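Small disclaimer: the values here were computed from a predicted structure and weren't measured. The analysis underlying the following values was restricted to heavy atoms, covering all of them including side chains, and did not include hydrogens, waters or symmetry mates. Letters A, B, ... are given to chains in the order of the sequence lines, protein chains preceding strands, and every chain is numbered from 1.
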Amino acid sequence: MKTILKLYFRLLFTGSLVSLFLGGCTQNNEQTEAPTHDRELSSESIYQFTGEWQNQNGDTLQLSKFHGKIPVVAMVFTQCKFACTRIVADIKNIEKEIPKDKKDKVVFILVSFDSERDQPARLKEFASEMQLDDRWVLLHGNEADVRELSMLLNVKYKKQPNGDFAHSNGITVLNTQGEVAHQHEGLGVAPDETIKAIKEL
Amino acid sequence: MASNNLKIWLGLVLAFLSVITVMGNGGTKPVLPSKSLAGMVKVPAGNYTLFLESKGGKTVAIKSFYLDTRAVTNAEFLEFVKANPQWSKSKISKLYVDAGYLKHWASDYNLGPVEAQLKNSPVTNVSWYAANAYCKWKGKRLPSLEEWEYVGQKRILNDQRPVEKIIMEWYSKPTPKILPPVGSTYKNELNIYDLHGLIWEWVSDFNSILMEGDSRSNSALNRDLFCASGSFGTSNKEDYAAFMRFAFRGSLQAKYTVNNLGFRCAKDLN
């Protein structure tokens with residue numbers, strides 16, 4: 001009886017070791033196969049994109065951090081003389097019109113094309129120059145991630161020999177799942193359509 | 001008892017190691033199957049005359065880089081899909097591809113009855129995201145538009161006709177149902193194959209072409225779409241083939257898949 005018990009415990013023990021090991025392996029596989037931590041993300045959510053970004057305070061984050069929020073996103077670079085200031089102004093016009101019940105949910109995200117010059121410290125300066133409060137998140141990322149995000153947001157851009165960027169101007173609204181809910185192209189577009197889209201979310 | 005203690009230790013060490021492995025593999029870091037540069041050549045640094053340039057004659061300096069001598073094949077792409085099942089036809093997210101993704105494959109991991117012919121032909125029906133993910137997985141990247149055009153202008157070795165003529169003849173033929181194998185068309189002076197005459201190829205920044213759908217119009221609204229881009233002329237108006245490439249790239253979106261659009265990878269020198 002004793003030996004049987006002993007054997008039983010031994011088996012149990014080895015079993016748990018094996019499962020510990022296998023458990024590690026399975027987890028490992030899951031990680032390599034699907035780096036997205038939120039498996040319940042919808043198949044059109046841009047939060048599947050796992051690129052890493054630094055905000056104006058130097059904190060590292062992934063876009064999925066905004067899960068549950070309503071992000072209003074644009075791509076800019078801080079040394080842009082003309083269009084980028086105007087696009088910030090356009091977003092500020094949207095900001096003014098946001099209905100009270102959505103105020104806690106909406107965040108404004110500016111992603112920089114300029115991986116080289118727009119480091120977090122420069123983004124922080126830009127935020128204060130443009131008087132952007134802490135509902136605004138300014139993001140710095142590496143060139144490959146910025147390019148991939150531009151694909152996801154349908155933004156076209158090209159780096160110029162002088163270090164500036166030629167780019168299309170667009171504002172994208174994401175829903176709480178991170179899917180593109182509304183998009184418009186151009187500068188000086190009245191905020192009405194965007195506000196309407198936000199109200200519906 | 002001593003052996004049980006040993007097992008506990010072993011267990012802890014194994015558990016610890018697997019946790020470390022999990023952490024090490026987290027995020028999007030590419031898994032490098034091999035660091036070798038097999039199948040690549042070093043492209044020397046040089047100058048490239050911008051095709052879309054209003055003032056003409058303006059050149060950009062291209063740094064030296066590595067480029068695959070051939071486009072990625074169906075067999076090679078199948079290896080990638082097997083190692084990364086989230087890129088299989090049935091599991092792929094709609095964010096990254098349109099409905100035509102790998103439509104010429106029989107199923108997730110099966111090229112079907114024409115496998116023998118298909119395996120060495122260039123993979124097509126892949127989106128930019130898929131091409132980008134493949135190159136990342138290989139520890140490489142897609143070539144930039146300027147890098148690709150720079151290499152595309154190099155002299156062709158095994159054909160006497162001018163490049164434009166070769167390309168125009170290719171354009172005039174319909175895409176065959178099964179594409180010829182990679183390495184079967186033209187080789188250039190850098191020993192790079194098939195840049196013209198087999199497939200169109202994705203480049204990392206195909207969305208850097210700021211042309212509008214209707215570039216004849218010049219309204220204030222259209223100018224507002226673009227920052228600092230100005231109007232585009234071209235450096236060589238005779239080069240109809242290049243016009244075609246730029247127009248095609250300008251019409252693409254990153255999730256599009258096309259039956260004669262594939263890719264090859266590049267790599268930085270260090």
Side-chain angles (χ1 to χ4, degrees), chain A residues 9-10 13-14 16-17 20-21 23-25 27-28 30-36 41-46 48-52 62 76-77 80-84 86-87 143-145 147-148 150-152 154-161 164-170 179 185-189, chain B residues 3-4 7-8 10-12 14-29 31 50 58 60-61 83-86 91-96 127-129 132 136 141-142 145 204-212 220-230 250 253-255:
Chain A
F9 277 119
R10 195 163 277 183
F13 191 74
T14 329
S16 62
L17 267 187
L20 241 181
F21 184 58
C25 277
Q27 235 181 335
N28 184 3
E30 276 170 13
Q31 282 277 339
T32 27
E33 279 171 23
T36 32
L41 282 179
S42 89
S43 70
E44 293 191 48
S45 171
I46 75 163
Q48 294 170 88
F49 176 37
T50 53
E52 289 196 336
Q62 292 191 346
V76 298
F77 68 105
C80 181
K81 301 284 179 300
F82 169 70
C84 304
R86 280 185 62 193
I87 210 156
E143 274 182 39
D145 287 342
R147 184 57 72 180
E148 189 159 347
S150 79
M151 302 284 176
L152 292 165
N154 271 321
V155 171
K156 295 190 168 201
Y157 73 95
K158 179 171 172 56
K159 191 171 186 175
Q160 305 296 100
D164 284 351
F165 292 80
H167 60 93
S168 65
N169 291 302
E179 299 162 334
E185 245 191 319
L187 291 172
V189 177
Chain B
S3 77
N4 271 353
K7 277 180 188 162
I8 292 174
L10 258 176
L12 284 175
L14 284 174
F16 184 58
L17 278 179
S18 44
V19 166
I20 297 223
T21 326
V22 167
M23 284 162 48
N25 277 345
T28 49
K29 276 183 199 148
V31 184
L50 288 169
K58 197 168 175 183
V60 279
N84 301 275
Q86 75 272 26
K91 296 211 178 85
I92 186 66
S93 164
K94 273 190 281 177
L95 185 69
Y96 295 132
S127 66
W128 178 90
Y129 297 109
N132 188 47
K136 248 192 202 173
R141 60 174 173 80
L142 284 170
L145 188 153
S204 62
D205 54 346
F206 77 91
N207 70 339
S208 64
I209 302 161
L210 299 169
M211 276 192 303
E212 297 155 57
L221 175 75
N222 283 333
R223 274 202 300 278
D224 279 347
L225 293 177
F226 305 115
C227 173
S229 67
Q253 282 190 19
K255 67 190 287 188

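You'll find the side chain of Leu145(B) stays beyond 4.5 Å of the side chain of Lys158(A), heavy atoms only. With a 4.5 Å cut-off on side-chain heavy atoms, Tyr96(B) and Met151(A) do not count as touching. Two residues are said to be in side-chain contact when any heavy atoms from C-beta on lie closer than 4.5 Å; Lys136(B) and Glu148(A) meet this criterion.
Rounding to the nearest 0.5 angstrom, the gap separating the OG atom in Ser208(B) from the NE2 atom in His167(A) is 14.0 Å. Atom-to-atom distance recorded for Arg141(B):CZ and Arg147(A):CZ is 12.0 Å, nearest 0.5 angstrom.
With a 4.5 Å cut-off on non-hydrogen atoms, Glu179(A) does not touch chain B at all. In this structure, chain B has heavy atoms under 4.5 Å from both the backbone and the side chain of Ile46(A). Contacts of Asn154(A) with chain B are made by side-chain atoms alone, with heavy-atom separations under 4.5 Å and no backbone atom involved.
Counting all heavy atoms, side chain and backbone alike, Ser93(B) lies closest to Ser43(A) at OG-O, 2.6 Å.
Using modelled atom types, one side-chain atom of Asn207(B) and one backbone atom of Val155(A) make a donor-acceptor pair closer than 3.5 Å.
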Practice item. Would you sort out whether Tyr129(B) and Phe49(A) count as a side chain to side chain contact (heavy atoms under 4.5 Å, CB included), showing the intermediate values? Key: CA-CA 11 Å; Tyr129(B) 297 109; Phe49(A) 176 37; over 6 Å; no
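For Lys159(A), the side chain to side chain donor-acceptor pair (under 3.5 Å) partners at least two apart in sequence or on another chain are Glu116(A). Under the side chain to side chain donor-acceptor pair (under 3.5 Å) criterion, Asp205(B) pairs with no residue at all, not counting sequence neighbours.
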